[in-house]
Amino acid sequence: MSRRYGNAQTIGGNVTQNTYFMTKQVGDGFLAVLADGTIDSVMGAYAAILACETIAKGFVSLEDVEGQLESGFARGAALLHERLYKGRQPRVSLLAACFVGNSMVYRNVGELSLVSYNGRNLTVDHEGAGSLDRKGITTLLCSQGVWQALTEIDIEKLLSGRGHPYAKAQNIIEAVNRRNLKDQRSALAVIVA
């Protein structure tokens, strides 16, 4: 099954971009991974990159998707402790979602959001793991910076319509930038349809 997806991000009022994402095609499956270093520093940016790359590199097949995500998150946390945080609690939010057929398996830790839009209703999931039916659903994976600037009503309007996910993601980030908030956090949006 072919997936349409798009992405956009803004640095906001930060000095460094501390959000990062990766996508990966595995057979008929599609993996999207987002990370937010949550702090405005080079360490937060490195943490986001390391977390995404660890999950994507460890995701190699569509067998036992939940197990691969679980072990990838554990590996990512171990690497963050070892290389960047030296035993301190990492301050990284991480969201990974694998789309296979009409379903999605996901794992989410921290302040990232998994948004489902069916053309009428918007549903927002935060921390957790599980499997969801995706038939006829547009999925938005986004950072806290999106919610800092936009409301659920704003997001619903921006996800509606027939546009390509790339255009919708660009419109979300443009709307974040138009709010021109003084302390705007980095904002990242990945849309899968």
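- Of all heavy-atom pairs between R4 and G163, the closest is NH2-O, 3.9 Å.
- Taking 4.5 Å as the limit, every side-chain heavy atom of L188 sits out of range of all side-chain heavy atoms of Y20.
- Follow the hydrophobic side-chain contacts under 4.5 Å out from L122 and you never reach L114; the two are in separate clusters.
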What verdict does the side-chain contact (heavy atoms from CB on, under 4.5 Å) test give for N7 and T23, after you've listed the backbone C-alpha separation in whole Å, the side-chain angles of each residue and the deciding distance to 0.1 Å? CA-CA 10 Å; N7 61 277; T23 59; over 6 Å; no

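- Atom OG of S186 sits about 9.5 Å away from atom CD of Q148, to the nearest 0.5 Å.
- Put simply, V192 and L31 are part of two different groups of oily side chains (I, L, V, M, F, W, Y) that touch within less than 4.5 Å, one to the next.
- Y46 and M22 fall into different hydrophobic clusters, defined by Ile, Leu, Val, Met, Phe, Trp and Tyr side-chain heavy atoms under 4.5 Å apart, directly or through other members.
- Donor-acceptor pairing under 3.5 Å is lacking for the side chains of D36 and S143.
- Between L94 and F73, some side-chain heavy-atom pair lies under the 4.5 Å cut-off.
- Across all non-hydrogen atoms, the minimal contact from D28 to Q25 is C-NE2, 4.1 Å.
- In this structure, the side chains of T19 and L34 stay at 4.5 Å or more apart for every pair of heavy atoms.
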Evaluate side-chain contact (heavy atoms from CB on, under 4.5 Å) for W147 paired with V124, printing each intermediate quantity in order. CA-CA 11 Å; W147 294 111; V124 182; 3.9 Å; yes

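- With hydrophobic clusters built from ILVMFWY side chains whose heavy atoms lie under 4.5 angstrom apart, V105 does not share a cluster with F30.
- Using a 4.5 Å cut-off on side-chain heavy atoms (C-beta onward), N118 and S116 make no contact.
- For V176 against A187, the heavy-atom pair with the smallest separation is CG1-CB, 4.1 Å.
- For I155 against V146, the heavy-atom pair with the smallest separation is CD1-CG1, 3.6 Å.
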CA sep, side-chain torsions, deciding dist, call: L132, D125, side-chain contact (heavy atoms from CB on, under 4.5 Å): CA-CA 11 Å; L132 297 171; D125 292 304; 4.0 Å; yes

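- Applying the side chain to side chain donor-acceptor pair (under 3.5 Å) test to pairs two or more places apart or on separate chains, those with a residue in residues 162-174 are Y166-Q170.
- L159 places a side-chain heavy atom less than 4.5 Å from the side chain of V115.
- Taking 4.5 Å as the limit, every side-chain heavy atom of S160 sits out of range of all side-chain heavy atoms of E156.
- Between the Q184 side chain and the N177 main chain, no donor and acceptor come within less than 3.5 Å of each other.
- Between E111 and the choices R185, Q144, H126, the side-chain hydrogen bond (donor to acceptor under 3.5 Å, both in side chains) rule is met once, by R185.
- For the atom pair Y5 OH and F99 CZ, the distance stands at 12.0 Å (nearest 0.5 Å).
- The shortest non-hydrogen separation linking A189 to C142 is CA-CB, 4.3 Å.
- In this structure, CD1 on I172 lies 5.5 Å from CG on L158, to the nearest 0.5 angstrom.
- Within the model, atoms CG of L112 and CZ of F21 stand 13.5 Å from one another, a figure rounded to the nearest 0.5 Å.
- Minimum heavy-atom separation, G29 to V100: CA-CG2, 4.2 Å.
- Distance check, rounded to the nearest 0.5 Å: OG1 of T139 to CZ of R134 gives 4.0 Å.
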Compile the donor-acceptor pairs under 3.5 Å between side chains in residues 47-57 and protein atoms, sequence neighbours left out, one pair per line.
| residue | atom | partner | partner atom | Å |
| --- | --- | --- | --- | --- |
| T54 | OG1 | L50 | O | 2.7 |

May I have the list of side-chain donor-acceptor pairs in residues 60-69 shorter than 3.5 Å, sequence neighbours left out?
| residue | atom | partner | partner atom | Å |
| --- | --- | --- | --- | --- |
| S61 | OG | E63 | N | 3.3 |
| D64 | OD1 | G67 | N | 3.1 |
| Q68 | OE1 | V60 | N | 2.9 |
| Q68 | NE2 | S61 | O | 2.7 |
| Q68 | NE2 | E63 | O | 2.8 |

Any chance you could lay out the side-chain contact (heavy atoms from CB on, under 4.5 Å) test for V109 and E127, step after step, and finish with the verdict? CA-CA 5 Å; V109 176; E127 283 193 297; 3.8 Å; yes

